[in-house]
Protein chains: 2
Amino acid sequence: MDSADPKSPQRRRTSGRASVTIRDVARHAGVSVATVSRALRGSDLVHPATRERVDAAIEELRFTPSQLGRSLAERRHAANGIVFPDLSGPYYAEVVLGYEEVAATLGRSVLILSTHNRESADEMVLDLAGRVDGLAVFGRTVHDDVVAEIVQRGVPVVLMARTEIEGADSVRTENVVAAASVVDHLVTHGHRRITFLGDPVDSTDVAERWAGFRGALAQAGADVPEQAIPAGFKEDDGARVAADLVAGGLPDVVVCANDELALGLTVALAEQGIDVPGDVAVTGWDDVMAARYAGLTTVRQPMREMGARAARLLDARISGDRSEPRHDVLTTQLVVRRSCGPHP
Amino acid sequence: MDSADPKSPQRRRTSGRASVTIRDVARHAGVSVATVSRALRGSDLVHPATRERVDAAIEELRFTPSQLGRSLAERRHAANGIVFPDLSGPYYAEVVLGYEEVAATLGRSVLILSTHNRESADEMVLDLAGRVDGLAVFGRTVHDDVVAEIVQRGVPVVLMARTEIEGADSVRTENVVAAASVVDHLVTHGHRRITFLGDPVDSTDVAERWAGFRGALAQAGADVPEQAIPAGFKEDDGARVAADLVAGGLPDVVVCANDELALGLTVALAEQGIDVPGDVAVTGWDDVMAARYAGLTTVRQPMREMGARAARLLDARISGDRSEPRHDVLTTQLVVRRSCGPHP
DNA sequence: CCGGTTTATGTAACCGGTACCAAAGGAGCG
DNA sequence: CGCTCCTTTGGTACCGGTTACATAAACCGG
């Protein structure tokens with residue numbers, strides 16, 4: 001009778017993987033798909049005896065509900081995205097860690113995207129935005145209009161270490177005050193000629209640090225340099241400027257936009273016979289692990305907390321608990337080590 | 001006439017986000033959904049003029065195809081997963097980086113999961129497996145039977161730094177030869193009493209390093225310790241054993257299972273007035289960034305390459321280019337710095 | 001024993017795409 | 001001019017779940 005029934009669906013045999021569906025389970029347990037679905041979701045509208053039969057069928061057929069089908073029906077992805085310029089370096093891993101941990105606790109998967117410097121970055125981010133319920137974007141990885149586009153699509157966005165954008169949340173760290181505390185510390189210890197290494201155009205963070213740096217120098221009555229020494233974010237970038245720095249006459253201190261720059265610079269200086277902090281002091285920013293071992297004076301940032309905060313901000317927006325954008329600022333902390341010279 | 005039609009779908013107004021669908025576009029362009037779909041996918045079966053109308057409609061309605069609908073229909077996620085015990089530490093970030101980079105190039109998103117030590121880890125991994133086309137699992141994050149279950153479901157799996165499992169690919173680094181080269185170097189420089197810090201039970205990598213370590217010592221005719229000094233993978237774990245080590249009489253060298261252990265130990269020893277390498281030599285494993293600045297002798301592992309390799313192995317399995325499991329072993333390299341003592 | 005609830009289950013219409021198959025229209029050819 | 005053949009297009013049945021609504025069964029007090 002089964003094979004005679006013309007309505008019997010001609011079991012399209014998908015080559016390879018069998019994939020058992022909720023309908024298979026329903027048939028096997030002698031109930032309807034609705035009941036199976038209810039049993040799956042733990043609804044209390046299912047008779048215990050029925051539930052048992054369903055569970056047995058699920059077990060027997062080794063059924064696993066398709067996340068895709070579920071997401072489509074529920075109209076939610078149960079996933080968040082996070083976008084970075086580049087995952088390398090000790091900095092970002094911590095942020096991702098904090099983000100992932102919170103997101104996982106909230107029952108959301110995490111999709112990660114590193115844009116490197118691909119020109120297709122915008123496209124990739126837009127694609128990612130279509131796969132998630134919310135998106136965290138770090139720094140200047142994507143153009144403002146792309147972010148705006150995503151926001152307009154209705155996907156909650158939180159920006160990390162980046163200037164605010166209409167409609168998006170943001171989390172960043174305190175930079176101006178931190179820069180001032182670095183400068184104050186240096187000035188107090190008698191340093192006067194202080195330069196800044198890093199490109200303010202590259203990132204909001206660096207721009208703020210540079211601004212804070214200048215402000216504090218002015219306040220302290222020290223020389224305020226006209227401009228920063230432009231550089232990227234890697235050890236190589238720091239190493240590259242060492243020669244110029246020596247040639248141009250060493251300042252008392254080089255305040256670097258991040259630890260990797262500072263570390264790369266220090267090593268390159270050492271290779272030229274310049275001692276840190278003997279001949280020139282150096283400070284960094286971030287307090288990555290290597291900074292501890294290199295004895296680098298730096299500014300500690302709560303990177304993990306930044307990721308965690310971003311995840312929580314997103315969650316609130318996604319679940320509709322909040323509709324007004326929020327902008328959080330995390331405090332930072334000066335960590336003094338030997339690279340800025342001996343304490344009088 | 002439109003409102004009179006009883007079949008007119010009562011435009012279920014989903015509260016909030018509007019979400020325009022392919023049917024809206026079709027109606028707006030005066031074509032069928034099939035045509036829109038074809039236009040979207042760049043099929044050459046669409047008349048240029050028609051395509052133009054469709055494109056205009058897409059533009060006007062700001063339509064973005066739903067990844068969910070698409071994935072469901074295509075029966076693929078266009079996403080890969082990667083599972084870690086813990087993302088912290090400088091080690092994993094590099095692996096993820098390599099993995100993400102390749103996956104992105106292959107047009108797949110990356111879902112990341114850190115199990116920490118949650119008891120729900122197995123469940124979380126199984127859930128993740130349902131959201132991806134392939135899964136990379138690092139170390140002993142999940143039980144063997146969970147991995148087997150995922151493999152059996154038909155999801156390609158590649159294991160990183162972990163013993164092989166039936167049906168899954170694997171990538172790992174050379175440990176035995178590397179351990180031998182560490183030992184040889186130490187013995188050549190006159191060290192005899194060499195101990196091993198790290199718990200072989202914790203990870204396949206450590207087990208192999210410990211085995212290679214013992215084998216090489218035996219080969220060299222040096223003392224072969226009965227057992228390793230158990231420890232985790234963090235700086236704290238290294239620091240914790242410092243006191244015992246001093247109390248028990250210092251060996252010539254402590255070979256550590258990873259850099260963080262070695263670095264933590266070194267600092268803790270210094271606090272007790274013990275100099276490295278003056279009083280005791282120390283070596284690590286991984287060659288993380290901090291190791292360079294701390295002058296730690298260690299074994300460099302191609303972590304980024306491991307991630308990249310894993311992504312490529314998965315891709316081959318997913319796209320059906322290969323059905324037989326493959327097991328790759330990456331070579332490592334001894335990096336000698338000052339922590340293992342002066343070179344005669 | 002009966003009408004009114006309450007509980008348990010089934011039916012079918014979604015979610016938003018893809019792709020198979022049929023059909024319409026036009027071109028080329030005998 | 002009629003008849004293939006090819007190019008475009010439309011209709012619709014999927015993919016695998018969820019859930020509103022209808023219905024049937026069980027329960028309950030009067």
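Quick note on labels: first sequence line is chain A, next is B, and so on, each numbered from 1.
Atom CG in D44(A) sits roughly 9 Å away from atom P in dT7(C) (whole-Å rounding). Regarding E74(B), its CD atom lies at a distance of 14 Å from the C1' atom of dC14(D), rounded to whole Å. Summarising the geometry, the separation between CG on L40(A) and C1' on dT18(D) is reported as 11 Å, rounded to the nearest angstrom. In this structure, the CG atom of L45(B) is 15 Å from the C1' atom of dA22(C), given to the nearest Å. If you take CZ of R76(A) and P of dG17(D), they are 16 Å apart, rounded to a whole angstrom. As rounded to whole Å, 13 Å separates atom P of dT11(C) from atom CZ of R27(A).
Two residues, L72(B) and A34(A), neighbour DNA chain C, and the one matched to the more 5' nucleotide by heavy-atom proximity is A34(A). Residues L68(A) and T35(A) both approach DNA chain D. Their nearest nucleotides, taken by heavy-atom distance, put L68(A) toward the 5′ side. When each of T50(B) and G69(B) is assigned the nucleotide of DNA chain D bearing its nearest heavy atom, the one mapping closer to the 5' terminus is T50(B).
Comparing atom distances between the S32(A) side chain and each of dT9(C), dT8(D), dG17(D) picks out dT9(C) as nearest. Nearest to the side chain of R75(B), among dC15(D), dG17(C), dG11(D), sits dC15(D). Comparing dG17(D), dT18(D), dA8(C) by their closest approach to the side chain of R23(A) singles out dG17(D). Of the candidate nucleotides dT18(D), dG17(D), dT18(C), dT18(D) has the atom lying nearest to any side-chain atom of V33(A). Side-chain proximity of A73(B) to dT8(D), dG16(C), dT11(C): nearest is dG16(C).
Taking the six-membered ring for Trp and the full ring otherwise, F138(B) and Y91(B) have centroids separated by under 6.0 Å.
Heavy-atom neighbours of R118(A) CZ from other residues, nucleotides or ligands within 6.0 Å: above the threshold of 12. Atom CD of E123(B) has 12 or fewer neighbouring heavy atoms from other residues, nucleotides or ligands inside a 6.0 Å radius.
We find the CG-CG distance between L106(B) and D315(B) to be 4.5 Å, quoted to the nearest 0.5 Å.
Between the side chain of R38(A) and the base of dG10(C), a donor-acceptor pair under 3.5 Å is found. Looking at R70(B), its side chain has no donor and acceptor atom pair within 3.5 Å of the base of dG16(C).
No contact: G130(B) has no heavy atom under 4.0 Å from any strand. No engagement by S43(A) is indicated, since no non-hydrogen atom pair under 4.0 Å with the nucleic acid exists.
When the side-chain nitrogen and oxygen atoms of S19(B) are compared with OP1 and OP2 of dG16(C), one or more of them lie within a distance under 4.0 Å. Distances shown here put a side-chain N or O of R41(A) below 4.0 Å from the OP1 or OP2 atom of dT18(D). At the phosphate of dC15(D), neither OP1 nor OP2 sits under 4.0 Å from any side-chain N or O atom of S66(A).
No side-chain N or O of T115(B) forms a donor-acceptor pair with one of T141(B) less than 3.5 Å apart.
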